[in-house]
Structures are given as structure tokens and as C-alpha cells.
Amino acid sequence: MSPFETLSLVLGAGFSSGLNLYATAATLGLLQRFGIIHLPAQLEILAHPWVLGIAGTLYILEFFADKIPYVDTIWDLIHTFIRPPAAALLAFAAAGAAPTEWRWGAALLAGGVALTSHGTKASARAAVNTSPEPFSNWVLSFGEDLLAVWLTWMGTAHPLATTVIVVALTTLSIFLFFYLFRFLRAALQRLLAA
């Protein structure tokens with residue numbers, strides 16, 4: 001992979017991991033397993049049947065946990081400590097041919113992008129959980145899963161487009177996170193005042 005293709009993979013997988021780590025890992029593994037893409041040597045392990053099985057099982061578990069209001073919030077809280085470090089690990093491995101300082105830079109970049117997408121996802125889900133109907137939660141969940149799989153594939157197939165999309169999505173996520181955080185803080189203050 002060229003340095004730009006590696007950057008695209010780092011950004012696409014980083015943002016996707018913040019949304020759904022298991023869908024990202026399974027997508028990369030399946031794309032490698034069926035010869036659609038050729039991952040860097042350090043990431044080829046994602047195509048191993050055991051890794052695919054574990055990623056698939058955890059994806060199914062997350063798929064159902066993500067549809068239940070408040071369970072999804074607890075799931076996201078736990079995954080705050082899983083998704084960004086895993087995205088950093090994927091990026092460190094993806095940049096395996098680069099000098100060590102570039103690998104660490106890629107890891108920090110992917111971890112930061114994953115933390116941004118994860119924080120926005122978790123905040124949006126917590127805000128949606130205040131709604132009495134469950135359908136908006138399901139729509140968000142399906143949308144996140146589709147975006148994670150699509151962006152992971154884009155990161156391997158269309159490097160320039162992925163880089164532009166991830167920069168735009170990260171900027172949007174920061175903007176949304178700011179306003180969602182203000183919304184949640186105001187809702188919590190109203191709840192505590194009552």
C-alpha cells in the first residue's frame with residue numbers, strides 16, 4: 001500500500017471503529033479473505049476464521065444491544081475504553097512498513113478520529129433515548145452499522161474520497177458533539193432541579 005492508501009485506511013477504519021469496531025474488523029477481514037483487497041501484512045490476521053468468528057459474534061451482540069434504549073448507552077460507555085484504543089492498534093498495524101514515528105502518528109490519529117466518532121455516537125444515542133419511541137434508536141443503529149461497513153470499504157477502495165469524507169464527518173462530529181453535550185447537560189440540570 002502507498003502512504004496515501006495507508007492514510008485512507010487509517011482514517012476510514014478509525015472513524016468506522018468509533019461507530020462499530022466489530023463491523024469494521026469483520027469487514028476488513030472479509031474483504032481480505034475473499035481477495036477483494038490486500039491488507040498490509042500485519043492486518044492479514046483479520047481474515048483468519050477465528051478472528052472473523054469472534055468479530056462476527058461480537059457484532060451480532062452489539063447489533064442487538066444497540067437497539068435497546070439505555071442498554072446501548074451502557075454498551076457505548078464500556079466501549080469508550082475499547083473502540084479508540086482498538087482503532088489505534090489497527091492503524092499502528094496498518095502502517096507497519098512505515099518508520100516507528102509514523103506508525104505512532106497513525107495510531108494517535110486513528111484513535112483521535114475514533115474517539116470523536118464514538119463520542120458523537122454515544123451522545124446522540126443518549127439524546128435519542130430521551131424520546132419515548134424506540135424507532136429513532138433503531139434507525140440510528142442501522143445507519144451507524146451501514147456507515148461503518150461502507151466507510152471501511154471506501155478506505156480500501158477510494159483513498160482520496162475517503163480522506164475527504166472522514167475529514168468532513170469528523171468536523172461534523174465535533175460540531176454535533178458540542179451541541180449534543182450542551183443538550184444533555186441542560187436535560188440533566190432540569191432532571192436534577194425537578
Side-chain angles (χ1 to χ4, degrees), residues 4-28 58-59 62-63 65-67 69-92 94-95 104-131 135-188:
F4 190 69
E5 290 172 329
T6 302
L7 174 65
S8 173
L9 178 60
V10 163
L11 290 173
F15 196 91
S16 296
S17 294
L19 298 175
N20 190 321
L21 171 64
Y22 310 119
T24 302
T27 300
L28 287 172
L58 289 170
Y59 169 72
E62 180 164 342
F63 180 84
D66 236 12
K67 307 298 182 285
Y70 302 106
V71 171
D72 66 334
T73 301
I74 294 167
W75 184 269
D76 284 339
L77 179 64
I78 293 166
H79 279 78
T80 300
F81 304 101
I82 297 171
R83 290 177 183 146
L89 183 63
L90 283 172
F92 191 82
W104 279 105
L108 291 171
L109 179 63
V113 168
L115 184 61
T116 302
S117 64
H118 169 73
T120 304
K121 168 193 170 147
S123 299
R125 286 313 200 70
V128 167
N129 282 338
T130 62
S131 171
F135 300 110
S136 54
N137 214 6
W138 295 354
V139 169
L140 276 177
S141 179
F142 284 122
E144 292 160 0
D145 292 350
L146 289 174
L147 181 59
V149 170
W150 177 76
L151 202 52
T152 301
W153 170 78
M154 281 288 290
T156 63
H158 304 287
L160 179 59
T162 301
T163 303
V164 171
I165 291 168
V166 170
V167 168
L169 286 173
T170 302
T171 303
L172 177 63
S173 292
I174 292 168
F175 177 77
L176 287 174
F177 185 71
F178 174 74
Y179 283 102
L180 287 168
F181 183 76
R182 286 181 50 191
F183 169 78
L184 289 173
R185 186 178 64 195
L188 186 59

Tell me yes or no: between the side chains of T73 and N129, is some donor less than 3.5 Å from an acceptor?
->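 Per modelled atom types, T73 and N129 side chains form a pair under 3.5 Å.
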So Y59 and F63, would you call those rings parallel, tilted or perpendicular, with 30° and 60° as cut-offs?
->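 Taking F63 first and then Y59, their aromatic rings sit tilted (interplane angle of 30° to 60°).
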For K121, which of D145, D72, D66 qualifies under salt bridge (Lys or Arg N to Asp or Glu O under 4.0 Å)?
->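 The residue from D145, D72, D66 that satisfies salt bridge (Lys or Arg N to Asp or Glu O under 4.0 Å) with K121 turns out to be D66.
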To check you understand the geometry: which heavy-atom pair defines the closest contact between [X] and [Y], and what is its length?
X: T156; Y: W153; result: OG1-O, 2.7 Å
X: T80; Y: P84; result: O-CD, 3.3 Å
X: V10; Y: A106; result: CG1-O, 3.7 Å
X: T6; Y: A94; result: CG2-O, 3.6 Å
X: D76; Y: A122; result: OD2-CA, 3.7 Å
X: G155; Y: S8; result: O-OG, 3.0 Å

As an exercise, state the distance from [atom1] of [X] to [atom2] of [Y], rounded to the nearest 0.5 Å.
X: I174; Y: L169; atom1: CD1; atom2: CG; value: 11.5 Å
X: L11; Y: I165; atom1: CG; atom2: CD1; value: 11.5 Å
X: T116; Y: L176; atom1: OG1; atom2: CG; value: 12.0 Å
X: E62; Y: K67; atom1: CD; atom2: NZ; value: 8.5 Å

Between [X] (side chain) and [Y] (backbone), is there a donor-acceptor pair under 3.5 Å?
X: S141; Y: N137; result: no
X: S16; Y: L151; result: no
X: R83; Y: S117; result: no
X: S123; Y: T120; result: no
X: S17; Y: A87; result: no
X: T162; Y: M154; result: yes

Look at atom CH2 of W104 and say whether more than 12 heavy atoms of other residues, nucleotides or ligands are closer to it than 6.0 Å.
->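 It does not: W104 CH2 has 12 such atoms or fewer within range.
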Given side chain to side chain contact (heavy atoms under 4.5 Å, CB included), test L140 with E144 step by step and report yes or no.
-> CA-CA 6 Å; L140 276 177; E144 292 160 0; 4.2 Å; yes
Verdict with reasoning, T170 to F15, per side chain to side chain contact (heavy atoms under 4.5 Å, CB included) = CA-CA 8 Å; T170 302; F15 196 91; 3.7 Å; yes
Would T27 and W150 count as a side chain to side chain contact (heavy atoms under 4.5 Å, CB included) if you check the C-alpha gap in whole Å, the side-chain angles of each, and the deciding distance to 0.1 Å?
-> CA-CA 9 Å; T27 300; W150 177 76; over 6 Å; no
Show your working on side chain to side chain contact (heavy atoms under 4.5 Å, CB included) between H79 and L21 and close with a plain yes or no.
-> CA-CA 9 Å; H79 279 78; L21 171 64; 5.6 Å; no
